[in-house]
Amino acid sequence: MRNTKRSGGFFLCLILNMLISILGIIPAAVLLVLHFWLKISLWWSAIAFAIWVLCVVLWTAVMYLANRYGAVEDVPKENKNPYSVGNEKNKL
């Protein structure tokens, strides 16, 4: 597979993952509304938001590292085909 010179980078992928998983912020938004309506602590909303950010960062880090270190090229193997072994000598 062809490698491009332009890589996405971790932070670009993190921003895109946050945009994709924007529905994960709903619990923090509900808790924020409950803060203004029922006067519950604002910390619950902040904790829910921090958990969402932490989950997205961890998922992005796992995918980034799996992509970076998982793409290992295979070592070239010896050609054991008896019909093509002689053809390699003629190419020189």
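Throughout, residue positions are numbered sequentially from 1 according to the sequence presented.
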In Å, rounded to the nearest 0.5 Å, how long is the span from CG of Asn17 to CG of Leu58?
12.0 Å
Under 3.5 Å, side-chain donor or acceptor atoms of residues 26-37 against the rest of the protein: list the pairs with distances, not counting sequence neighbours.
from: His35; atom 1: ND1; to: Ile40; atom 2: O; distance (Å): 2.7

Using 0.5 Å steps for rounding, measure from the OH atom of Tyr64 to the OG1 atom of Thr60.
11.5 Å
If you apply the rule side chain to side chain contact (heavy atoms under 4.5 Å, CB included), what do you find for Trp59 with Ser21, and how did you get there?
CA-CA 11 Å; Trp59 179 253; Ser21 66; over 6 Å; no
So, taking the atom named CD1 in Ile47 and the one named OG in Ser41, what distance separates them when rounded to the nearest 0.5 Å?
7.5 Å
Are Val57 and Met63 connected in the hydrophobic side-chain network, where two residues link if heavy atoms are under 4.5 Å apart?
no
Co-membership, hydrophobic cluster, residues Leu23 and Ile20, 4.5 Å side-chain
no
Same cluster (ILVMFWY, side-chain, under 4.5 Å), Ile25 and Trp44
no
Transitive ILVMFWY side-chain link Val53 to Phe11, under 4.5 Å
yes
